[in-house]
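Below: one structure, written as structure tokens.
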Amino acid sequence: MGKKYFCDELNNVLSCFHDRIMSCCSGQIGPVYYEAYKGEKIDWKAFKQFKKDSFDLLTEENIENSPCKGCFFLRERKETDEVSETFKTINISHWTQCNCGCIYCARMYDSKGEITYKSGKSKYYDMIPLLKQLYKENLLNKNDLTACIQGGDISVLKEFEPMVKEFLKNGITRFNILSNNIVYQPIIKKLLDKNLVDYTTSLDCATPELYKKLKRVDKFKDSVNNLKKYAKSKNKRYITVKYIIVEHINDNKEEITKFVNLMSDIGIENIEFMIDNKYVLFTDLNTTPLPKHYGELYLHFKKSCEEKGIRMTMWQKTEHIIKEYALK
């Protein structure tokens with residue numbers, strides 16, 4: 001009998017995007033529970049069986065028929081690995097409207113680049129009814145559950161605060177919330193003070209001029225001022241600010257140095273190094289290589305953070321790309 005494989009992402013993660021409900025996070029391959037979900041009634045028995053069937057394909061004999069084939073998350077299965085009936089992480093990204101228009105945004109096609117400052121419902125489906133069903137079906141691990149909320153911007157989603165309260169009412173271990181930080185959210189400050197959230201925002205630069213080029217809105221001062229407010233929390237160590245490398249705009253050592261210095265002045269303790277989604281999601285790096293200097297930028301970024309006593313983090317896929325395509 002051949003090898004058996006396992007995936008912790010498939011086992012523990014449920015991702016609710018604007019156009020589908022699937023196992024893995026954005027940018028990964030993996031089984032899709034529902035295509036083009038619009039809030040319709042879900043056959044929960046079939047839903048649970050689908051997860052079991054997906055694991056049955058993770059064998060040497062059947063892997064060719066699995067959408068997980070070739071994913072770097074796959075590993076050899078251990079005797080202690082068991083397929084769980086519950087999920088420990090739920091990714092919520094069911095809306096696309098936003099109050100800025102980042103040129104690197106993976107949702108640019110879906111949002112058509114529209115910028116809105118008006119709060120409203122998702123154009124696709126409401127999340128709270130789905131959440132209630134997931135809790136009712138005991139599909140969310142109440143004692144070990146992280147809710148990752150990201151998509152367009154949370155400040156233009158009416159459901160954001162009610163969703164947070166729904167989780168708090170039913171059982172939640174931690175939130176992981178992403179926002180562009182243009183609009184201050186008092187509930188995020190409360191979650192920070194209670195040590196219930198990892199808060200991430202993307203600034204990508206240290207000047208208003210570059211900010212406007214990257215995000216197509218003139219809101220640099222707003223974002224920085226709001227970041228300073230959150231940084232007053234006694235748990236500011238759970239704030240992370242991204243620097244996303246975009247070719248020909250902020251892809252140089254000088255801008256990186258200015259950015260790291262600004263974060264040090266504000267008191268930010270964590271910075272995430274990331275690269276343009278063009279290379280993360282939409283490019284075959286075996287045929288279209290990364291820009292040659294990205295490896296140098298990564299090393300400079302790392303050194304700059306070390307000199308300022310700031311912790312540098314990376315998303316797993318970014319780390320994989322840098323190691324495989326930029327540092328060899």
Point to revise | All ring-ring contact (aromatic ring centres under 6.0 Å, His included) counterparts of F87, not counting sequence neighbours | key: none

Practice item. Applying salt bridge (charged side-chain N to carboxylate O under 4.0 Å, His left out), name anything that partners D153, two or more places apart in sequence or on another chain. Key: none

Review point. For the residue pair H300 and T257, what are the closest heavy atoms and their distance?
Key: NE2-OG1, 2.9 Å

**Study point:** Residue pair F273, I245: steps toward the side-chain contact (heavy atoms from CB on, under 4.5 Å) verdict
**Key:** CA-CA 8 Å; F273 176 87; I245 302 290; 3.9 Å; yes

Review point. Among the clusters formed by ILVMFWY side chains lying less than 4.5 Å apart, do L178 and M163 turn up in the same one?
Key: no

Practice item. Keeping the roles fixed (side chain from D198, backbone from N176), state whether a donor-acceptor pair exists under 3.5 Å. Key: no

**Study point:** Inter- and intrachain pairs under salt bridge (Lys or Arg N to Asp or Glu O under 4.0 Å), touching residues 271-280, at least two apart
**Key:** E247-K278

Practice item. Please name the residue in the list T240, N181, I177 that meets the side chain to side chain contact (heavy atoms under 4.5 Å, CB included) test with T200. Key: T240

Check your understanding: Do Q133 and I42 have side chains that get closer than 4.5 Å, going by heavy atoms?
Key -> no

Check your understanding: With sequence neighbours left out, what residues match H320 under ring-ring contact (aromatic ring centres under 6.0 Å, His included)?
Key -> F72

**Study point:** Considering all heavy atoms, the nearest K308-S264 contact
**Key:** CD-OG, 3.8 Å

Review point. Between M127 and W95, does a side-chain contact (heavy atoms from CB on, under 4.5 Å) hold up when you go through it step by step?
Key: CA-CA 10 Å; M127 191 67 213; W95 80 107; over 6 Å; no

Exercise for review: Answer yes or no: is there a side-chain heavy-atom contact under 4.5 Å between S202 and Y104?
Suggested key: yes

Review point. Tell me, do Y279 and L285 make a side-chain contact under 4.5 Å, heavy atoms counted?
Key: yes

Practice item. Could you tell me whether the side chain of L130 reaches within less than 4.5 Å of the side chain of Y125, counting heavy atoms only? Key: yes

Check your understanding: Within a strict 4.5 Å, meaning less than it, do heavy atoms of the Y37 and H94 side chains meet?
Key -> no

Check your understanding: Can you tell me if N226 uses its side chain to pair, donor with acceptor, with the backbone of S223 under 3.5 Å?
Key -> no

Exercise for review: Salt-bridge test for K189 and D193: reply yes if a basic N is under 4.0 Å from a carboxylate O, no otherwise.
Suggested key: yes

Check your understanding: Considering the options I188, I172, T173, L168, which one meets the side chain to side chain contact (heavy atoms under 4.5 Å, CB included) requirement together with L196?
Key -> L168

**Study point:** Separation between CG of N277 and OG1 of T283, rounded to the nearest 0.5 Å
**Key:** 10.0 Å

Check your understanding: Are the side chains of V260 and E307 in touch, meaning some heavy atoms are under 4.5 Å apart?
Key -> no

Check your understanding: Does E319 have any side-chain contact (heavy atoms from CB on, under 4.5 Å) partners at least two apart in sequence or in another chain, and if so, which?
Key -> M314, K323

Check your understanding: Do N250 and F259 have side-chain heavy atoms sitting under 4.5 Å apart?
Key -> no

Check your understanding: With a 4.5 Å heavy-atom cut-off, do I149 and L157 have their side chains touching?
Key -> no

Exercise for review: Determine whether the side chains of N91 and S93 contain a donor N or O and an acceptor N or O closer than 3.5 Å.
Suggested key: no

Practice item. Flag the pair K328 and E324 as a salt bridge only when some basic side-chain nitrogen lies within less than 4.0 angstrom of an acidic carboxylate oxygen. Key: yes

Point to revise | Salt bridge flag under 4.0 Å for residues K215 and D204 | key: yes

Practice item. May I ask you to decide if K78's main-chain N or O and D81's side chain share a donor-acceptor pair within less than 3.5 Å? Key: yes

Revision key, fill the gap. When every non-hydrogen atom of P67 is compared with those of P31, the smallest separation belongs to CG-N, 3.8 Å

Which pairs of donor and acceptor atoms, one on a side chain in residues 136-143, lie under 3.5 Å apart (sequence neighbours left out)?
{"from": "E137", "atom 1": "OE1", "to": "K48", "atom 2": "NZ", "distance (Å)": "3.3"}
{"from": "N141", "atom 1": "OD1", "to": "N143", "atom 2": "N", "distance (Å)": "3.1"}
{"from": "N141", "atom 1": "OD1", "to": "D144", "atom 2": "N", "distance (Å)": "3.1"}

Review point. Just how far is it from atom CD of E255 to atom CG of L210, taken to the nearest 0.5 Å?
Key: 4.5 Å

Point to revise | Check: Q97 main-chain N/O paired with T116 side-chain donor or acceptor under 3.5 Å | key: no

Point to revise | Approximate separation, where rounding is to 0.5 Å, of C148 SG and L14 CG | key: 11.5 Å

Point to revise | Inter- and intrachain pairs under ring-ring contact (aromatic ring centres under 6.0 Å, His included), touching residues 170-194, at least two apart | key: F167-F175, Y184-Y230

Review point. So, do Y124 and H18 have ring centers that fall under 6.0 Å from each other?
Key: yes

Review point. Could you walk me through whether Y298 and T318 pass the side-chain contact (heavy atoms from CB on, under 4.5 Å) check?
Key: CA-CA 11 Å; Y298 160 75; T318 305; over 6 Å; no

Practice item. Decide, yes or no, whether a salt bridge links E114 with K123 under the criterion of side-chain N to carboxylate O below 4.0 Å. Key: yes

Exercise for review: Establish, from distance only, whether the side-chain atoms of N99 and N180 form a donor-acceptor pair under 3.5 Å.
Suggested key: yes

Review point. Does the pair E254/K258 count as a salt bridge with the N-to-O cut at 4.0 Å?
Key: no

Point to revise | Aromatic ring pairing F6/F55, orientation class (parallel under 30°, perpendicular over 60°, tilted between) | key: tilted

Exercise for review: Keeping the roles fixed (side chain from N12, backbone from T89), state whether a donor-acceptor pair exists under 3.5 Å.
Suggested key: no

Practice item. Would you kindly confirm whether I321 and L299 end up in one hydrophobic cluster when ILVMFWY residues are joined by side chain heavy atoms under 4.5 Å apart? Key: yes

Review point. Can you name the nearest heavy-atom pair linking C24 to E9, along with the distance?
Key: SG-CB, 4.5 Å

Review point. For K212, does its backbone N or O pair with a side-chain atom of D218 as donor and acceptor, under 3.5 Å?
Key: no

Check your understanding: Which atom names give the shortest non-hydrogen contact between L58 and C7, and what distance separates them?
Key -> CD1-N, 4.4 Å

Review point. Pairs in or reaching into residues 35-44: which pass salt bridge (Lys or Arg N to Asp or Glu O under 4.0 Å), with residues at least two apart or in two chains?
Key: R20-E35

Point to revise | For N270, all residues meeting side-chain hydrogen bond (donor to acceptor under 3.5 Å, both in side chains), sequence neighbours excluded | key: R311

Point to revise | side-chain contact (heavy atoms from CB on, under 4.5 Å) between Y238 and V197, intermediate numbers included | key: CA-CA 7 Å; Y238 296 115; V197 66; 5.9 Å; no

Check your understanding: Got a donor-acceptor contact below 3.5 angstrom from the S179 side chain to the T201 backbone?
Key -> no

Study note, to complete from the structure: Sorted by chain and number, sequence neighbours left out, side-chain contact (heavy atoms from CB on, under 4.5 Å) with D222 holds for K219

Exercise for review: Identify the two heavy atoms, one from G171 and one from L145, that lie closest to each other, and give their separation to 0.1 Å.
Suggested key: O-CD2, 3.6 Å

Review point. Would you call E306-K303 a salt bridge at under 4.0 Å N-O?
Key: no

**Study point:** side-chain contact (heavy atoms from CB on, under 4.5 Å) involving K121 - partner list, sequence neighbours excluded
**Key:** D126

Point to revise | Results of ring-ring contact (aromatic ring centres under 6.0 Å, His included) for F47 - residues two or more places apart only | key: Y33, W44

Point to revise | Any donor-acceptor N/O pair, N170 side chain to K132 backbone, under 3.5 Å | key: no

